[in-house]
Amino acid sequence: MKYDALIIGAGHNGLVCAFYLAQAGLKVRIVERRDVVGGAAVTEEFHPGFRNSVASYTVSLLQPKVIADMRLADHGYRVIERPISNFLPQEDGGYLKLGGGLERTQAEFRRFSAHDAAALPAYYDALENVAQVLRDLALKAPPNVGEGLKTLFDGAMQGGRLAKLSIEQKRDVLDLFTKSARSFLDGWFESDAVKAAFGFDAVVGNYASPDTPGSAYVLLHHVFGEVNGKKGAWGHSIGGMGTITQIMAKVCKNAGVEIRLEAPVAQVLVDGGKAVGVRLESGEEIAASTVIANVGPKLLYQRMMAQHDLPADFLRRMKAFKAGSGTFRMNVALSELPRFTCLPEPGEHHQSGIIIAPTLDYMDRAFTDAKQSGWSKKPIVEMLIPSIIDDSLAPSGQHVASLFCQQFAPQLPDDRDWDDEEGAAADTIIDTVEGYAPGFRASILGRMILSPKGLERTFGLVGGDIMHGHMSLDQLWAARPVLGHGSYRGPVKGLYMCGAGTHPGGGVTGAPGHNAAQAVLADRSFRGRLFRTSA
């Protein structure tokens, strides 16, 4: 049987893409390497009685249009917003809370700096103006450079939103796309704690220092989402992230999509310069008019395709494509809630993102440490404890915690192997938390560890890169992954990309899946019109 479209990978973007194609009447099949749909957005039991989101762990960036079109809420999709965004224990025994409304955050900032409290409204306005541009562009395919007048027209249409910004707002755009997070934040605030509260977003999934030029954009990327209509908010999906992708899979199957699990792809088949299907590792071949890859560019072009099927210049540039996020992921089963020295009793801070990264200098040292020795001796840690609001994840009175940790080298120096080192790195993470919440180590009943190598082995994330590639200026928008192929169309006819290695990048957004489907349908419509005209 020949399919209209075959999608490699049943992660959320692959499911979103499949839904839109099936809705348009195409016969669609998804092949997935693992025994469960969802890619990195899955919920699994990791210790008897304890379940959690294994890799992707929180919600904000999922596109409202995708939620509405797939009618996810009708099938049980439910997200609970955090009461405050983040809680940052400080090295001096204090703490800072971020979120809960402008006035409340300003009151919190006044404990550190009256200047920073006064600057906050203008800072939020500046970020929101630029974030709105990103929201407007998120569900649009970037102009594909090299298509003549169409490139100019598409670029002019998408650039219109930027053109309408004031000169002050255009300066903010320039700052956010080119400056380091520290340089950008230094222009707004004076308190180290306040700058850390915002600067943390610049190193999430980004193997870089907050001093690295361009890191300010990663900060921006994490604020253009929303939860339940509230812009910039973050929340927890009841049942974990796997609930979202299980619902998506159900919706896809209802639309006629075939999903085959435990079907790893060995190679994309190309005949006469056109993608014509895939060969599975079992040797089975599946034919399709269109092949759509929901895997990272590195994985697709360097491991799933014969090199002679790709243009030489494209191969050279793909070899230079930067991937590897320095992320280390843990899930821990807890006998009790952590008791932080600065706020020991249960409270709203346990329902927030608990950030152990008190200053930008701390973050910079963590990166420098990782570059030199493989991982930071004081890593950046974000802890979430979703079982506080979701009793489906742990036994009564006990809890699960996600530890999302930054600054762990994708490849260790001196030929060391992550399989040999991950236990020691995990102990370092626990020691770091223990320094702020004494007794944390003793409360751990079980743990699940995913080093950068483990993330690659389990989810196909090359170098553990949760973004499928660095979110740097040279790898964004029309240049993601390579200039000339930024509109979801690969360098081989009939081959498309729908993963986070395309615009607008990483996170559980659904945007690449949505946009890739529109590109496929537009090309099919054009070919249909061309055929009818020639006939």
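For this chain, numbers begin at 1 and follow the sequence in order.
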(request) Start with the C-alpha gap between Gln407 and Asp369, add the side-chain angles, then the distance that decides, and say whether side-chain contact (heavy atoms from CB on, under 4.5 Å) holds. (result) CA-CA 8 Å; Gln407 310 315 6; Asp369 222 4; over 6 Å; no
(message) As an exercise, state the distance from CD of Glu382 to CG of Asn86, rounded to the nearest 0.5 Å.
(response) 6.0 Å
(message) Are Ile238 and Thr243 packed together at the side-chain level, in the sense that at least one heavy-atom pair is separated by less than 4.5 angstrom?
(response) no
(request) Taking side chain to side chain donor-acceptor pair (under 3.5 Å) as the test, write out the residues that go with Thr245, two or more places apart. (result) none
(request) Answer yes or no: is there a side-chain heavy-atom contact under 4.5 Å between Leu127 and Phe198? (result) no
(request) Determine whether Ile388 and Leu337 make a side-chain contact, defined as any pair of heavy atoms from C-beta on separated by less than 4.5 Å. (result) yes
(request) Could you check Met248 against Met70 for side-chain contact (heavy atoms from CB on, under 4.5 Å), going step by step and ending with a plain yes or no? (result) CA-CA 7 Å; Met248 286 181 169; Met70 297 188 77; 3.9 Å; yes
(message) I need the Asp364 CG to Ser376 OG distance, nearest 0.5 Å.
(response) 10.5 Å
(request) Tell me yes or no: between the side chains of Tyr362 and Glu91, is some donor less than 3.5 Å from an acceptor? (result) no
(request) Report the relative orientation of the aromatic rings in Tyr95 and Phe87; use parallel for angles under 30°, tilted for 30 to 60°, perpendicular for over 60°. (result) tilted
(message) Does this structure show an ion pair linking Arg441 with Asp431, if we count only N-O contacts that are shorter than 4.0 Å?
(response) yes
(message) Between Lys322 and Asp474 (salt bridge meaning N to carboxylate O under 4.0 Å), is one present in this structure?
(response) yes
(request) I would like to know whether Tyr436 and Ile354 meet side-chain contact (heavy atoms from CB on, under 4.5 Å); could you show each step before the answer? (result) CA-CA 11 Å; Tyr436 292 85; Ile354 300 164; over 6 Å; no
(message) Strictly distance-based, threshold 3.5 Å: is any side-chain N or O of Thr432 a donor or acceptor partner for the main-chain N or O of Thr428?
(response) yes
(request) Mind checking the OG-CG spacing from Ser325 to Leu461? Nearest 0.5 Å is all I need. (result) 7.5 Å
(request) Verify the distance criterion only: is there a donor paired with an acceptor across the side chains of Tyr20 and Asp69 at less than 3.5 Å? (result) yes
(message) Within the structure provided, determine whether Thr105 and Leu98 are in side-chain contact (heavy-atom separation under 4.5 Å).
(response) yes
(request) Using atom types as modelled and distance alone, determine if a side-chain donor or acceptor of Arg480 lies under 3.5 Å from a backbone N or O of Gln475. (result) yes
(request) Supply the atom-to-atom distance His399 NE2 to Ile385 CD1, rounded to the nearest 0.5 angstrom. (result) 7.5 Å
(message) Please tell me whether Ser180 and Arg182 have a donor and an acceptor in their side chains that are separated by less than 3.5 angstrom.
(response) no
(request) Carefully, step by step, assess Asn206 and Ser215 under the rule side-chain contact (heavy atoms from CB on, under 4.5 Å). (result) CA-CA 8 Å; Asn206 186 22; Ser215 56; 4.1 Å; yes
(message) For Tyr301 and Phe314, take the angle between the two ring planes, folded into 0 to 90°, and tell me which bin it lands in: parallel under 30, tilted 30 to 60, perpendicular over 60.
(response) perpendicular
(request) Could you label the plane-to-plane angle of the Phe189 and Phe109 rings as parallel, tilted or perpendicular, counting under 30° as parallel and over 60° as perpendicular? (result) perpendicular
(message) Contact between Ser56 and His12 at the side-chain level, heavy atoms closer than 4.5 Å - yes or no?
(response) no
(request) Would you indicate whether the side-chain heavy atoms of Val133 and Leu165 approach each other to under 4.5 Å? (result) yes
(request) First locate atom CZ of Arg329, then atom OG of Ser402, and finally report the distance between them rounded to the nearest 0.5 Å. (result) 4.0 Å
(request) Would you indicate whether the side-chain heavy atoms of His470 and Asp465 approach each other to under 4.5 Å? (result) yes
(message) Looking at Asp361 and Lys195, is any side-chain nitrogen of the basic one under 4.0 Å from a carboxylate oxygen of the acidic one?
(response) no
(message) Please report the interatomic distance CG(Leu384) to NE2(His236), rounded to the nearest 0.5 Å.
(response) 9.5 Å
(request) Specify whether Phe408 and Phe328 have parallel, tilted or perpendicular ring planes, treating 30° as the upper limit for parallel and 60° as the lower limit for perpendicular. (result) tilted
(request) State plainly whether the residues Arg317 and Asp313 are in salt-bridge range, i.e. N to O under 4.0 Å. (result) yes
(request) Mind telling me whether Tyr207 and Phe367 have parallel, tilted or perpendicular rings, with 30° and 60° as the class edges? (result) perpendicular
(request) Look at Glu456 together with Arg303 and state whether they make a salt bridge at an N to O cut-off of under 4.0 Å. (result) yes
(message) Taking side chain to side chain donor-acceptor pair (under 3.5 Å) as the definition, give me every residue that meets it alongside Gln302, ordered by chain and number, with sequence neighbours left out.
(response) none
(request) Answer yes or no: is there a donor N or O on one side and an acceptor on the other, between the side chain of Gln169 and the main chain of Ser166, under 3.5 Å? (result) yes
(request) Measure the shortest side-chain to side-chain distance between Trp477 and Pro143 over non-hydrogen atoms and say whether it is less than 4.5 angstrom. (result) yes
